[in-house]
Every structure is written in C-alpha cells, then in structure tokens.
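To keep things clear, I will list the structure first and then write my remarks on it.
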Amino acid sequence: MKDLAIRGFSSFKGTELIRRGRSYFWSADKVLRACCTVSKRYNNDYQPYWFAYHPKWDEFLLEGDGYLILACMGLESAFAIPQRWLAENAANFNATEREESRLYWHIPLTTLDGGKLAINLSKVGRKYPLEPHRFLLAVPS
C-alpha cells in the first residue's frame, strides 16, 4: 500500500521519489520529500482512519518541499498534506507523550456529508477537508 501511494504521489508531482527509509522518501535532489503512513479502515464512520505524525517526520519534511502522505486501506486514492499546514495546526492536534519523551500527534480522519474525508481537529471543533489533497494510487504492477 505504501509503495502504491508513493508511486501515485510521484506521478501526481511528476518527480520520482526514492526510498530513504521505511517511511521516508525524497527526490534525487532531496527537495521534494514525503513521509508515508498507512491506516487500516476502522469500523466507525465518525473516525474511519487514524494516523500518528512523529516529530522526526516533521523535521525531515521541513528540510524541503515536504508532504505527509495519508494512505487509507480500502481506498483507491491517498492524500498529500503539506508540512507547512501540519506545522500551522500542530497545536490543534491531540498528542501522546510517552515517559521516554516520545511524542506523536494524532491525525484522525472523519467522514463529511457526502462521504468525503476530513482531518478532525477536535481540539478546536473544525474539520479540514482532504479532497483538495487527494491523488490516485499507482496501479499495482
């Protein structure tokens, strides 16, 4: 799923991305960057998908034109969220901080009227529609 999302995003952007790590990808010139994460489909229309966003991913994305790729199991598309939007909204996400100083932000998706998905910013009572960030997954080879 992650490979299909990255290949689809590469096609969408017109730039091939190279795997740098398990979730890290970048262009040959290291400018276009992506971290890709996958969520299973939960049996809940209010929150059908849930993702974690890690500070190390944010640091990597910040060093270029960075995007967090949200790949949702069962969908033929994924979503590319610009790092700048994530940074501007970090205070609006719930977060978990573990004793060993490991922090991650929660990115829950919710369903809007018409079945479209949005990021649920429950701390501020807003929903951020994902449709403008949607791209098609690559076709499996």
Side-chain angles (χ1 to χ4, degrees), residues 1-28 30-141:
M1 177 88 192
K2 195 177 285 190
D3 289 337
L4 297 178
I6 289 298
R7 286 190 4 239
F9 181 66
S10 292
S11 177
F12 177 71
K13 290 301 242 178
T15 303
E16 184 179 352
L17 293 180
I18 304 159
R19 183 182 294 271
R20 180 180 177 267
R22 186 172 162 199
S23 297
Y24 297 81
F25 301 83
W26 57 17
S27 56
K30 301 178 183 169
V31 173
L32 182 61
R33 295 169 178 237
C35 288
C36 186
T37 182
V38 178
S39 174
K40 71 178 187 177
R41 172 71 159 90
Y42 293 92
N43 194 15
N44 177 345
D45 284 338
Y46 177 72
Q47 188 173 300
Y49 298 97
W50 182 93
F51 301 89
Y53 182 51
H54 303 277
K56 287 189 181 239
W57 293 359
D58 193 60
E59 291 169 17
F60 172 75
L61 297 177
L62 182 62
E63 294 174 6
D65 180 19
Y67 294 84
L68 177 65
I69 307 299
L70 304 177
C72 303
M73 298 295 289
L75 298 184
E76 294 178 357
S77 56
F79 306 94
I81 312 306
Q83 181 279 336
R84 66 185 171 278
W85 184 87
L86 293 161
E88 290 167 2
N89 287 279
N92 299 329
F93 293 120
N94 289 323
T96 295
E97 187 163 2
R98 305 215 176 203
E99 290 178 22
E100 59 272 6
S101 299
R102 284 193 42 198
L103 167 84
Y104 62 88
W105 294 283
H106 301 219
I107 302 182
L109 302 191
T110 191
T111 306
L112 299 172
D113 291 336
K116 304 289 184 189
L117 293 172
I119 294 175
N120 189 13
L121 298 166
S122 58
K123 284 178 94 174
V124 292
R126 283 189 8 238
K127 293 178 172 79
Y128 179 71
L130 289 175
E131 195 60 24
H133 304 288
R134 187 175 70 82
F135 64 90
L136 294 175
L137 298 177
V139 177
S141 28

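The model shown is predicted, which means the values in this text are computed figures rather than measured ones.
The number of heavy atoms from other shown groups lying within 6.0 Å of CD (E16) does not exceed 12. Heavy atoms of other residues, nucleotides or ligands lying less than 6.0 angstrom from CD of E88 number more than 12.
Under a 3.5 Å cut-off, the side chain of T110 and the backbone N or O of A118 do not form any donor-acceptor pair. Between the S39 side chain and the W50 main chain, a donor and an acceptor come within less than 3.5 Å of each other. With hydrogens and angles ignored, the 3.5 Å screen pairs a side-chain donor or acceptor of N44 with a backbone N or O of Q47. Judged purely by atom type and a 3.5 angstrom limit, R33 has no side-chain atom pairing as donor or acceptor with the backbone of S27. R84 places no side-chain N or O within donor-acceptor distance of the main-chain N or O of A87, the cut-off being under 3.5 Å. For the pair S10 (side chain) and I6 (backbone), a donor-acceptor distance under 3.5 Å is present.
For the residue pair Y49 / K40, no side-chain donor-acceptor distance below 3.5 Å is found, with atom types taken as modelled. Residues N120 and Y46 have side chains that bring a donor and an acceptor to within less than 3.5 angstrom of each other. There is a side-chain donor-acceptor pair under 3.5 Å between K2 and S23.
Within the model, atoms CG of L70 and CG of L68 stand 4.5 Å from one another, a figure rounded to the nearest 0.5 Å. Taking CG of L109 as the reference point, atom CD1 of I119 lies at 6.5 Å (rounded to 0.5 Å). Separating the CD1 atom in I18 from the CG atom in L32 is a distance of 10.5 Å, to the nearest 0.5 Å. Taken to the nearest 0.5 Å, the OG atom of S122 stands 9.0 Å off from the NZ atom of K127.
Ring centroid separation for the pair Y53 and W105 comes in under the 6.0 Å cut-off.
Of the charged side-chain nitrogens involved, none lies within less than 4.0 Å of a carboxylate oxygen, so that K56 and E59 do not count as a salt-bridged pair.
Taking the six-membered ring where tryptophan is involved, the planes of Y104 and H106 are essentially parallel, since the angle between them stays under 30° and well short of 60°.
In summary, of the residues considered (W26, F135, F79, F25), a ring-ring contact (aromatic ring centres under 6.0 Å, His included) with F9 occurs for F135 alone.
For A138 against R7, the heavy-atom pair with the smallest separation is CB-CB, 3.5 Å.
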